[in-house]
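Notes follow once the structure below has been shown.
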Amino acid sequence: YTDVGYRPKQPVSYSHKLHAGDLGMDCRYCHTRVEEAPHANVPSTQTCMNCHTLIGSDSDKLLAVRESWATGDPIQWVRIHKLPDYAYFDHSAHLKAGVGCESCHGNVAAMEVVEQKEPLSMSWCLDCHRNPGPHLRSQDELTKMNWTPPTNQSKIAQQLINEKQITPPLDCSGCHR
């Protein structure tokens, strides 16, 4: 769970750099439920085929995607960012508060192969819970990669904390349920 640099081999060589970086696709196009569900969904083959019935439809790189499409069997993606079963994490709560994707996942738009950039340890999470300000941004910047906090970030963060009544839990039951 704390294996920074973990980057398993995936069944399809999917480039976040190409899709999220070069093409500028928003994270939420593929991870559609991330703002409303506790867990970020893994994209279905249908999501891939929304574009790839028209683009690269004969590419050898997409053979496994086409096979999945033809058979109805889902692609068996390997989860990269994991937490232990005894820890509870809600993506939607963090996004509603204004924590951007990059704060936990790194700049995936620059990653040819996605890897774990942060330790996702209890102490790492608690550091942010104790001082969320540096990670808070406006809702329209949540999926912006290579985000640089503005010079008045502390003022913006305090405003967001007050407006949204952001009080990250520091007690055990906040994350261990």
Check whether more than 12 heavy atoms from other residues, nucleotides or ligands sit under 6.0 Å from atom CE of M25, and answer yes or no.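 Atom CE in M25 is crowded, with more than 12 foreign heavy atoms closer than 6.0 Å.
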Exceeds 12 heavy-atom contacts within 6.0 angstrom, atom NZ of K164: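 Enclosed: over 12 neighbouring heavy atoms sit under 6.0 Å from NZ of K164.
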side-chain contact (heavy atoms from CB on, under 4.5 Å) for V78 and Y6? Distances and angles first, verdict last. CA-CA 11 Å; V78 180; Y6 176 63; 3.8 Å; yes
With heavy-atom distances below 4.5 Å as the criterion, would you say the side chains of [X] and [Y] are in contact?
X	Y	value
C27	V34	no
Q10	V113	no
P38	H91	no
Y14	C30	yes

Is there a donor-acceptor pair closer than 3.5 Å between any side-chain N or O of [X] and the backbone N or O of [Y]?
X	Y	result
D90	A93	yes
Q153	G133	yes
N41	T32	yes
E102	N146	yes
Q139	K96	yes
R137	P149	no

Would you mind listing the cluster partners of L120? Hydrophobic ones only (ILVMFWY), side-chain contacts under 4.5 Å, chaining allowed. L83, F89, W124
Quick one: pull up [atom1] in [X] and [atom2] in [Y] and give me the separation to the nearest 0.5 Å.
X	Y	atom1	atom2	answer
I55	N50	CD1	CG	10.5 Å
R28	L95	CZ	CG	8.0 Å
M111	K117	CE	NZ	5.0 Å
L63	D58	CG	CG	11.5 Å
L136	L142	CG	CG	10.0 Å
S13	E112	OG	CD	7.0 Å

Would you name the heavy atoms of [X] and [Y] that are closest together and state the gap between them?
X	Y	value
R7	V114	CB-O, 3.5 Å
N107	M145	OD1-CB, 3.0 Å
P119	V4	N-CG2, 3.5 Å
L160	S138	CD1-N, 4.4 Å
A64	V12	CB-CG2, 3.8 Å
W77	P43	NE1-O, 3.8 Å

Quick one: which of M49, E67, H52 gives a side chain to side chain contact (heavy atoms under 4.5 Å, CB included) with L62? H52
Please, which pairs that meet ring pair (Phe, Tyr, Trp, His ring centres under 6.0 Å) have at least one residue in residues 134-162, sequence neighbours excluded? none
Report, one line per pair, each donor and acceptor closer than 3.5 Å where one atom sits in a side chain of residues 166-177; sequence neighbours left out.
residue: D171; atom: OD2; partner: S173; partner atom: N; Å: 3.3
residue: D171; atom: OD2; partner: S173; partner atom: OG; Å: 2.4
residue: H176; atom: ND1; partner: Y86; partner atom: O; Å: 3.0
residue: R177; atom: NH2; partner: G174; partner atom: O; Å: 3.4

Given side-chain contact (heavy atoms from CB on, under 4.5 Å), test D22 with K17 step by step and report yes or no. CA-CA 6 Å; D22 301 343; K17 181 185 179 305; 3.3 Å; yes
Does a donor on one side chain and an acceptor on the other come within less than 3.5 Å for E36 and S92?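 The criterion, which ignores hydrogens and geometry beyond distance, is not satisfied for S92 and E36.
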Could you tell me how the ring of H94 sits relative to the ring of H129: parallel (under 30°), tilted (30 to 60°) or perpendicular (over 60°)? tilted
